Amino acid sequence: MALTLYLHPLASFCHKVLIAFYENEVAFQPVTVDLQDPGEAGALMAKWPVGKIPVLHDTAHDRVVAETSIIIEYVQRHYPGPVPMLPEDEEQALDARLWDRAFDLYVATPMQKIVVDRIRPEGSQDPYGVAEARGTLDTAYAMIDAQLAGKDWAAGDRFTLADCAACPALFYASIVHPFGSAHANLAAYFERLLDRPSMRRTLREARPFFTMFPYREAMPDRFLRD
């Protein structure tokens with residue numbers, strides 16, 4: 001098997017890549033990395049010195065590929081499947097890339113700020129930063145809700161890279177900062193994402209690790225069962 005994906009089943013950015021892989025039935029070997037283990041972290045940093053997951057190793061092309069969007073585009077180019085993550089039309093592809101970045105930067109990133117602050121040592125919490133993150137999520141929710149008016153998916157009528165980014169970002173964000181009543185388009189879109197077989201599979205694999213999630217007590221019961 002040419003592709004090895006270094007990941008952790010709880011990590012939202014790993015979910016993004018897994019969803020793209022499952023959509024296209026990509027053959028790969030998953031390797032769970034414990035970043036708290038010096039040996040495993042060191043082995044990962046030998047491949048990608050930043051030390052962040054996921055990281056893809058393609059032995060067939062002798063290539064290490066990092067960063068979620070690049071991994072997904074790389075696999076589409078070299079191991080294409082039935083669900084293209086980027087449309088062939090250049091303008092539509094730009095839209096998919098734009099909303100991919102929007103979900104990563106304005107949903108996933110502030111969500112992670114809120115989550116990580118929960119587990120910081122006593123006395124080192126950052127309430128101002130968390131308040132800023134919640135404000136960013138409010139802005140993002142309104143922006144995404146407007147974008148989804150009349151659309152099934154983030155960049156139009158087809159599931160793309162942008163929706164892969166949206167799935168895990170909105171899953172965790174909906175727990176730490178729930179959508180408001182004014183975000184009906186966003187809420188309906190989130191339900192469509194949850195119905196996607198690739199998303200259901202990813203969450204099923206993550207479920208044994210949910211006890212590690214700092215906001216576990218806020219997680220709806222429906223996320224804890226098939």
Side-chain angles (χ1 to χ4, degrees), residues 7-20 22 32 34-36 52-54 68 99-122 124-148 153-154 159 162-226:
L7 53 76
H8 192 281
L10 189 63
S12 63
F13 282 111
C14 295
H15 290 185
K16 174 181 169 180
V17 172
L18 287 173
I19 288 163
Y22 294 156
T32 297
D34 180 359
L35 294 175
Q36 303 304 312
K52 291 189 175 182
I53 49 177
T68 56
W99 288 99
D100 166 68
R101 302 316 304 136
F103 283 109
D104 278 1
L105 295 174
Y106 309 126
V107 181
T109 298
M111 173 275 293
Q112 288 187 332
K113 170 65 178 178
I114 296 168
V115 171
V116 171
D117 196 76
R118 172 70 73 92
I119 58 175
R120 293 177 74 168
E122 185 67 29
S124 64
Q125 282 78 20
D126 179 15
Y128 181 81
V130 168
E132 282 191 319
R134 292 188 183 280
T136 298
L137 285 175
D138 286 335
T139 299
Y141 290 172
M143 178 177 70
I144 295 163
D145 191 81
Q147 166 66 10
L148 288 166
W153 304 110
F159 189 94
D163 304 295
C164 294
C167 285
L170 291 174
F171 174 77
Y172 286 116
S174 72
I175 298 168
V176 303
H177 193 75
F179 313 141
S181 58
H183 304 133
N185 295 328
L186 173 57
Y189 170 62
F190 182 52
E191 294 302 319
R192 289 193 291 276
L193 293 175
L194 289 175
D195 283 341
R196 201 81 179 180
S198 58
M199 178 63 164
R200 293 202 303 270
R201 178 177 176 182
T202 300
L203 293 181
R204 185 167 60 249
E205 293 171 353
R207 197 164 290 128
F209 299 88
F210 282 166
T211 55
M212 301 168 59
F213 184 58
Y215 280 80
R216 167 65 179 77
E217 79 285 351
M219 190 172 284
D221 287 343
R222 67 177 180 142
F223 295 161
L224 303 175
R225 59 179 186 270
D226 289 329

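The structure presented is a predicted model; accordingly, all values stated were derived computationally and were not measured.
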Exercise for the section: Applying ring-ring contact (aromatic ring centres under 6.0 Å, His included), name anything that partners F103, two or more places apart in sequence or on another chain. Expected result: none
Handout entry: Heavy-atom pair of closest approach, residues M143 and A102
Key = CE-CB, 4.3 Å
Practice task
Under the side-chain contact (heavy atoms from CB on, under 4.5 Å) rule, what do F13 and K52 come out as? Steps first, then yes or no, please.
Solution key: CA-CA 10 Å; F13 282 111; K52 291 189 175 182; over 6 Å; no
Practice task
Check for a donor-acceptor pair, side chain of R207 on one end and backbone N or O of F223 on the other, with a separation under 3.5 Å.
Solution key: yes
Practice task
Would you check if C164 and V17 make a side-chain contact, meaning some heavy-atom pair closer than 4.5 Å?
Solution key: no
Exercise for the section: Could you list all the salt bridge (Lys or Arg N to Asp or Glu O under 4.0 Å) pairs where at least one residue sits in residues 178-197, not counting sequence neighbours? Expected result: E23-R196, E191-R222
Problem - For the student: nearest non-hydrogen atoms of A162 and D100, plus distance - result: CB-N, 3.7 Å
Problem - Residue list, side chain to side chain donor-acceptor pair (under 3.5 Å) with R134, at least two apart or on another chain - result: H177
Problem - By side chain to side chain donor-acceptor pair (under 3.5 Å) - contacts of R204 (at least two apart) - result: none
Fill in the blank from the handout: In this structure, OG of S174 is separated from CG of L193 (nearest 0.5 Å) by 10.5 Å
Handout entry: Spacing of S198 atom OG and L203 atom CG [to the nearest 0.5 Å]
Key = 9.5 Å
Handout entry: Minimum heavy-atom distance M199-C167, with the two atoms named
Key = CE-O, 3.3 Å
Problem - Any donor-acceptor N/O pair, D163 side chain to A154 backbone, under 3.5 Å - result: yes
Exercise for the section: Just jot down the side-chain contact (heavy atoms from CB on, under 4.5 Å) partners of D34, sequence neighbours excluded, or say none. Expected result: Q36, D37, E40
Exercise for the section: Please determine which of P214, P110, S12 meets the side-chain contact (heavy atoms from CB on, under 4.5 Å) test together with V115. Expected result: P214
Problem - ring-ring contact (aromatic ring centres under 6.0 Å, His included) involving Y106 - partner list, sequence neighbours excluded - result: none
Fill in the blank from the handout: Sequence neighbours excluded, the answer for side-chain contact (heavy atoms from CB on, under 4.5 Å) partners of D145 is H183, N185, L186
Completion exercise
By side-chain contact (heavy atoms from CB on, under 4.5 Å), T32 pairs with (sequence neighbours left out) L7, H8, P9
Exercise for the section: Name all residues meeting the ring-ring contact (aromatic ring centres under 6.0 Å, His included) criterion together with F179; count only those two or more places apart in sequence or in a different chain, and write none if there are none. Expected result: Y141, F190
Handout entry: Heavy-atom side-chain proximity of W99 to L148 below 4.5 angstrom
Key = no
Handout entry: With Y215 via ring-ring contact (aromatic ring centres under 6.0 Å, His included) - residues at least two apart
Key = none
Handout entry: Enclosure of K113 NZ (heavy-atom neighbours >12, cutoff 6.0 Å)
Key = yes
Practice task
Considering non-hydrogen atoms only, spot the tightest contact between I175 and P178 and give its length.
Solution key: O-CD, 4.2 Å
Handout entry: I114 side, atom CD1; T136 side, atom OG1 - distance, nearest 0.5 Å
Key = 9.0 Å
Practice task
Mind checking side chain to side chain donor-acceptor pair (under 3.5 Å) for T68 and listing every partner two or more places apart, or none if nothing turns up?
Solution key: K16
Problem - Over all atoms of both residues, closest heavy-atom pair of T109 and L105 - result: CB-O, 3.4 Å
Handout entry: Rounded distance [0.5 Å steps], CG in L170 versus OH in Y189
Key = 6.5 Å
Exercise for the section: Could you tell me whether the side chain of I144 reaches within less than 4.5 Å of the side chain of V107, counting heavy atoms only? Expected result: yes
Problem - Closest non-hydrogen atom pair, P208 against T211 - result: O-OG1, 4.1 Å
Problem - Results of side-chain contact (heavy atoms from CB on, under 4.5 Å) for L224 - residues two or more places apart only - result: F210, R216, M219, D221
Exercise for the section: Would you check if Y22 and T202 make a side-chain contact, meaning some heavy-atom pair closer than 4.5 Å? Expected result: yes
